Every structure is written in structure tokens, then in C-alpha cells.
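Reading through the C-alpha cells given below for one structure.
These numbers come from a predicted model, not from an experiment.
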Amino acid sequence: MYQKPNQRLINQTCIVTGGSSGIGLAIAKAIGQEGANVLVNYYSDRAAAEEVAAEIEASSDCGSSMIFKADVSKENQVEAMFAAAIDKFGTVDILINNAGIQQDAPFHEMTLDQWQRVIDVNLTGQFLCARAAIREFLRRGMQPNISSALGKIIHISSVHEIIPWAGHVNYATAKGGLVMLMQSLAQEYGRHKIRVNSIAPGAIQTPINESVWSTTKGLNDLMKLIPYNRIGQPSDIGGVAAWLASDESDYITGTSIFVDGGMTCYPGFTENG
Ligand code: NAD
């Protein structure tokens, strides 16, 4: 059924991990504007999460919002977060698996702690949240008047799920792992009408990569990697996520959508054919 933009997610509930900043913040707002209830998960910045929740409440006639502090790499905290969303809103329909970190080092100097923490947050965290979401989708059952799907999971991956990244081996490994997590879940749960996809951003202007875009040289170097010749904004991801969570994309599952200004078109070959 066609629904007007801004009403595509009415009566649905969404959890956005790492929703107090950057890409997660933009997705939380975009999904809230579509009428969904939104749980804004945060790790440390409670004030920022409260601000996002207040903005969602102000921008929507039908959706509501709450905040919840949880470390996505901790099983008990993830379980508590889902329990809180279900307690307040009745169920969960959409998971945005967004929380992520970088701890960069040349590989021969990378500590086990740097390796492990990035894998724990960026890969195991997405496993724990996806598992909790799928359990809830299966428990709740279909609601045909609300969505054609039993539930939707969107992993926020990266162009580094396919582009190797020297000096960031822990990060690239975790994002590469998300491809098989996402596709295997899509394969395993498609028959239950659960859709599982990834959004793979290129360079988006957020706190995680401020050291790159905050200097003129960093920004100029970055443009050599982006055919579309601008850095991405969090709202570039927010709009795609809202659409990918809606029934307008009902036949899409098991796919990574690259939102990268052409970064994955190997621009280094532009003048070098
Ligand atoms: P960001 O630093 O603004 O956002 C990351 C969020 O995750 C923060 O709110 C942080 O508090 C939260 N977080 C960190 N550890 C957590 C934990 N253990 N539990 C819960 N939350 C935790 O940066 P961003 O760019 O918005 O990153 C969001 C996602 O997008 C990440 O998965 C990142 O890898 C991915 N990504 C970003 C870019 C980019 O260019 N900015 C590109 C590709 C992919």
C-alpha cells in the first residue's frame, strides 16, 4: 500500500544503536519523522540522546521516543534495552544496528585490546542486537496492517566491507564480517518475512572521522576518493534508512546499499585507463 512520505512507519517501533550522534542521530530523526516510535540508544552522552528524543517528539504527531544507555557489546545490556522498548512500545519492528568505533593502529603495533574492542562493538554488538530483534519479531508475529514484513534489520556497515583499509585492519575485518552476518540472516529468515540489509556509507562528516575532514589537506585528499566531489552528510544516510525500513523497499533483502558518492567506483583509475 502506498503511504505518503512522513507516514511510512506509523505504528512501528525502531531501536537505533549509537543514536546520540552522527549517522545514528540522523537516522533516528528520519525514522521518527516517518511516524515511528524510536528508542535512541546511547553509550555515554545522555544529554545528546535526550535532545534527539525531544526533537523526534516535536517532529511527529504520532511517534514517541525514549532513550536507553547500553553498551551494545554486552549481552545483558542489549537484552535490557530490548525489554525496555517492548515494555514501553509493545514490540520492536525495526533495528538500526549503527553503533561503531575505530581504534586505529599499524597492524604490527595493534594491541589485542584494540583488535578485540572493535570486533566486540562493531561485529558482536550487531550480532547481539540482531538476535534480540529476530527473537522479538518471531515472538510477536505478523501484523499485516502495519508492515508487509515481520521485521526489518539494517546494519550500518561501511565501504570498508569491500575496500581493504591499511592501518584499520580491525575495523575493516569487522565490517567485512557484517556482509556474511547480514546475508546469512537474510537467507535464514527470509521465509519468516524478516528483511535484513546493510547500508554501506562512504565518507560521512561525523565525529568518528573528524581528524580527516577538519583540515583543508585532509578534505582535499578525501575528494580524490569521491567522484561526486563532496563529503557525505548524516542526512544522506537517514533518508535511505527510512526508505529501507519502509514497505517501499519490501522486495529488498540480503543487500548492501552503498551510499558513498561513488567511492566504490575506484576513482584512482579515472585518468588511468
Ligand atoms: P559517531 O562516532 O558519531 O557514532 C558512533 C556512535 O556509536 C556514537 O554515538 C557512540 O557513542 C556509539 N557507540 C560507540 N560504542 C558503543 C557501544 N559500545 N555501545 C553503544 N553505542 C556505542 O560516528 P558515525 O560516523 O555516526 O558512525 C556510525 C556508524 O557508521 C558506525 O558503525 C561507523 O562505522 C559507520 N560508518 C561511518 C562512516 C563515516 O564516514 N562517518 C563511514 C562508514 C561507516
Next on the checklist: Could you measure the distance from the CE atom of M81 to the CD1 atom of I67? Nearest 0.5 Å is fine.
Outcome noted: 13.0 Å
Item to check | Side-chain donor/acceptor of D45 to backbone N/O of A48, under 3.5 Å | outcome: yes
Next on the checklist: I'd like to know if the side chain of T253 reaches the main chain of V196, judged simply by a donor and an acceptor atom lying under 3.5 Å from each other, with no hydrogens or angles considered.
Outcome noted: yes
Checklist entry - Side chains of T91 and E136: does their closest heavy-atom pair fall under 4.5 Å? => result yes
Checklist entry - Got a donor-acceptor contact below 3.5 angstrom from the N197 side chain to the T255 backbone? => result yes
Checklist entry - Do I96 and I15 pass the side-chain contact (heavy atoms from CB on, under 4.5 Å) test, and can you show the C-alpha distance, the side-chain angles, and the key distance before you say yes or no? => result CA-CA 6 Å; I96 308 290; I15 290 180; over 6 Å; no
Next on the checklist: Using a 3.5 Å distance criterion without hydrogens, assess whether the side chain of S249 forms a donor-acceptor pair with backbone atoms of W243.
Outcome noted: yes
Next on the checklist: Between F127 and L138, is there shared hydrophobic-cluster membership here, with clusters defined by ILVMFWY side-chain heavy atoms closer than 4.5 Å?
Outcome noted: yes
Checklist entry - Under 4.5 Å between any side-chain heavy atoms of I153 and Y189, yes or no? => result no
Item to check | Derivation of the side-chain contact (heavy atoms from CB on, under 4.5 Å) call for V240 and I199 | outcome: CA-CA 8 Å; V240 175; I199 295 175; 3.9 Å; yes
Checklist entry - Which of parallel (below 30°), tilted (30 to 60°) and perpendicular (above 60°) describes Y171 and H160? => result perpendicular
Checklist entry - For residues E161 and S157, is any side-chain donor paired with an opposing acceptor at under 3.5 Å? => result yes
Checklist entry - Is the backbone of C62 close enough, under 3.5 Å, to the side chain of S60 for a donor and an acceptor to pair up by distance? => result yes
Checklist entry - Would you say the side-chain atoms of D247 pair up with the backbone N or O of S148, donor to acceptor, closer than 3.5 Å? => result yes
Checklist entry - Is E34 salt-bridged to K29, going by a charged N under 4.0 Å from an acidic O? => result no
Checklist entry - Side chains of V78 and N76: closer than 4.5 Å at any heavy-atom pair? => result no
Item to check | Heavy-atom side-chain proximity of M223 to I231 below 4.5 angstrom | outcome: yes
Checklist entry - Do S73 and D71 get their side chains close enough for a donor-acceptor pair, meaning under 3.5 Å? => result yes
Next on the checklist: Between N97 and Q126 (side chain of the first, backbone of the second, donor and acceptor by atom type, cut-off under 3.5 Å), is there such a pair?
Outcome noted: yes
Checklist entry - Side chains of N37 and T13: do they bring a donor and an acceptor to under 3.5 Å? => result yes
Next on the checklist: If I compare all heavy atoms of V52 with all of A28, which pair ends up nearest, and what's the gap?
Outcome noted: CG1-CB, 4.0 Å
Next on the checklist: Return the CD to CH2 distance between E210 and W213, rounded to the nearest 0.5 Å.
Outcome noted: 4.0 Å
Next on the checklist: In the structure I gave you, are the side-chain heavy atoms of C14 and V92 within less than 4.5 Å of one another anywhere?
Outcome noted: no
Checklist entry - Is it the case that E57 and S64 place a side-chain donor and acceptor less than 3.5 Å from each other? => result yes
Checklist entry - Just by modelled atom types, is the F68 backbone N or O under 3.5 Å from a matching donor or acceptor in the N41 side chain? => result yes
Next on the checklist: To check you understand the geometry: which heavy-atom pair defines the closest contact between M263 and I163, and what is its length?
Outcome noted: O-CD1, 4.2 Å
Item to check | CZ/R191: more than 12 non-hydrogen atoms of other groups inside 6.0 Å | outcome: no
Next on the checklist: Looking at every non-hydrogen atom in both residues, tell me the closest pair between A245 and L9 and how far apart they are.
Outcome noted: O-CD2, 3.6 Å
Checklist entry - Are D93 and R140 within salt-bridge range, i.e. N to O under 4.0 Å? => result yes
Item to check | side-chain contact (heavy atoms from CB on, under 4.5 Å) between R135 and E79, intermediate numbers included | outcome: CA-CA 11 Å; R135 285 176 176 166; E79 295 298 317; 4.0 Å; yes
Item to check | Contact summary for S44 and K69, nearest pair of heavy atoms | outcome: CA-NZ, 4.2 Å
Item to check | R117 CZ to I101 CD1 distance, which is reported to the nearest 0.5 Å | outcome: 5.5 Å
Checklist entry - Salt bridge between D236 and R230, side-chain N to carboxylate O under 4.0 Å? => result yes
Next on the checklist: Taking CD in Q116 as the centre, count heavy atoms belonging to other residues, nucleotides or ligands within less than 6.0 Å. Is the count above 12?
Outcome noted: yes
Item to check | Shared hydrophobic cluster, I226 / I162 (ILVMFWY, side-chain heavy atoms < 4.5 Å) | outcome: yes
Item to check | Exam field: side chain S256 to backbone S198, donor-acceptor pair closer than 3.5 Å | outcome: no
Item to check | Heavy-atom check, side chain of V40 versus side chain of I56, under 4.5 Å | outcome: yes
Next on the checklist: Show the nearest heavy-atom pair for residues K152 and S147, with the distance to one decimal.
Outcome noted: NZ-OG, 2.8 Å
Checklist entry - Step by step, would you call F89 with M66 a side-chain contact (heavy atoms from CB on, under 4.5 Å)? => result CA-CA 10 Å; F89 299 124; M66 67 183 286; 3.6 Å; yes
Checklist entry - Relative to the ring of W165, is the ring of H168 parallel (under 30°), tilted (30 to 60°) or perpendicular (over 60°)? => result parallel
Checklist outcome for this item: Taking every heavy atom of V72 against every heavy atom of L128, the minimum-distance pair comes out as O-CD1, 3.5 Å
Checklist entry - Taking atom CG of L95 and atom NE2 of H155, what is their separation to the nearest 0.5 Å? => result 7.5 Å
Checklist outcome for this item: NZ of K224 to CG of L219, rounded to nearest 0.5 Å, is 11.5 Å
Item to check | Spacing of OH belonging to Y43 relative to CD belonging to Q77, to within rounding of 0.5 Å | outcome: 8.5 Å
Checklist entry - Any side-chain heavy-atom pair from I119 and W115 closer than 4.5 angstrom? => result yes
Item to check | Q114 side-chain N/O to Q103 backbone N/O, donor-acceptor pair under 3.5 Å | outcome: no
